[in-house]
Amino acid sequence: MEELIQDLRKIEGVKAVRKQSGPVLKIELFHREIPASEAVDILGDLRSISQSIVSILDEARSDGEFESWEWIQKPEKKYQETSLGRNSSVSDRKDKGHRPGYYRVSIIE
């Protein structure tokens with residue numbers, strides 16, 4: 001498990017990897033808070049970070065370190081919606097950031 005944590009820490013954009021209660025890993029990303037918002041601005045390419053995490057976890061699973069894994073929580077895009085007129089049913093969605101600024105992964109041994 002320690003080797004897996006070290007491999008995850010080497011991914012560009014990953015700030016820290018911590019083991020939580022049970023077989024759960026919390027993978028924190030570099031991010032900054034957006035003032036007056038619940039969302040955070042993730043620094044780096046979220047798509048490539050996700051692919052790297054999946055690749056490392058799948059490789060560790062195929063090496064027999066654990067049986068399987070699954071996402072508990074992933075960063076999701078948050079949007080700011082603005083109405084386009086008084087009686088309009090159409091709204092404009094602006095990208096506001098992501099929430100939360102980390103991944104949580106359950107490891108099944």
Side-chain angles (χ1 to χ4, degrees):
M1 183 67 84
E2 282 302 316
E3 187 177 320
L4 173 65
I5 291 172
Q6 292 302 323
D7 289 343
L8 290 170
R9 285 181 179 154
K10 292 177 185 174
I11 297 173
E12 188 174 333
V14 173
K15 183 177 182 180
V17 179
R18 294 189 179 97
K19 199 171 180 185
Q20 294 190 318
S21 63
V24 175
L25 296 177
K26 182 176 181 179
I27 304 168
E28 293 186 47
L29 304 175
F30 284 104
H31 66 274
R32 64 176 161 233
E33 299 291 325
I34 299 174
S37 174
E38 66 201 36
V40 295
D41 183 24
I42 293 178
L43 309 174
D45 182 19
L46 191 61
R47 186 171 295 172
S48 102
I49 293 169
S50 293
Q51 289 173 352
S52 297
I53 291 171
V54 168
S55 172
I56 289 173
L57 290 171
D58 283 343
E59 185 177 316
R61 183 181 50 85
S62 67
D63 289 346
E65 288 187 40
F66 51 85
E67 189 177 315
S68 66
W69 65 273
E70 64 181 343
W71 298 115
I72 295 175
Q73 200 168 21
K74 301 191 312 187
E76 294 180 13
K77 268 195 175 182
K78 295 295 179 183
Y79 298 96
Q80 176 180 354
E81 299 205 18
T82 314
S83 180
L84 297 176
R86 273 181 132 173
N87 298 325
S88 176
S89 62
V90 179
S91 63
D92 181 29
R93 289 185 1 163
K94 291 183 184 177
D95 187 15
K96 191 162 110 176
H98 291 85
R99 195 74 189 158
Y102 57 85
Y103 291 94
R104 285 178 51 145
V105 179
S106 173
I107 305 292
I108 301 161
E109 298 188 53

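The residues of the chain are indexed from 1 along the displayed sequence. Everything numeric here is computed off the predicted structure, so don't read it as measured data.
Annotation: side chain of I53 is in contact with side chain of W71 (closest heavy-atom distance under 4.5 Å). Looking only at side-chain heavy atoms (C-beta outward), Q20 and R104 come within less than 4.5 Å of each other. The side-chain heavy atoms of V40 and R99, taken from C-beta on, include a pair separated by under 4.5 Å. No side-chain heavy atom of L25 sits under 4.5 Å from any side-chain heavy atom of Y103. For the pair K77 and H98, the minimum side-chain heavy-atom distance is below 4.5 Å.
The CD atom of E70 sits 9.5 Å away from atom CD1 of I107, with the distance rounded to the nearest 0.5 Å. Atom CD1 of I27 sits about 12.5 Å away from atom OH of Y102, to the nearest 0.5 Å. Rounding to the nearest 0.5 Å gives a distance of 4.5 Å between CG of D41 and CZ of R32. Distance check, rounded to the nearest 0.5 Å: CZ of R47 to OG of S50 gives 9.0 Å.
Among all heavy-atom pairs drawn from F66 and A60, the shortest one is CE2-CB, 3.6 Å. The two atoms that bring H31 and G101 nearest to each other are ND1-O, 3.7 Å, heavy atoms only. Scanning all heavy atoms of the two residues, the minimum distance from P75 to I42 falls at CB-CD1, 3.8 Å. Between K96 and A39, the shortest heavy-atom distance links the atoms O-CB, 4.0 Å. V105 approaches I72 most closely through the heavy-atom pair C-CD1, 4.2 Å.
Checked by atom type and distance alone, the side chain of S55 never pairs as donor or acceptor with a backbone atom of Q51 at under 3.5 Å. With R61 contributing its side chain and W69 its backbone, the two residues share no donor-acceptor pair below 3.5 Å.
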Return all side-chain donor-acceptor pairs below 3.5 angstrom for residues 1-14, not counting sequence neighbours, or 'none' if the list is empty.
| from | atom 1 | to | atom 2 | distance (Å) |
| --- | --- | --- | --- | --- |
| R9 | NH2 | V17 | O | 2.9 |

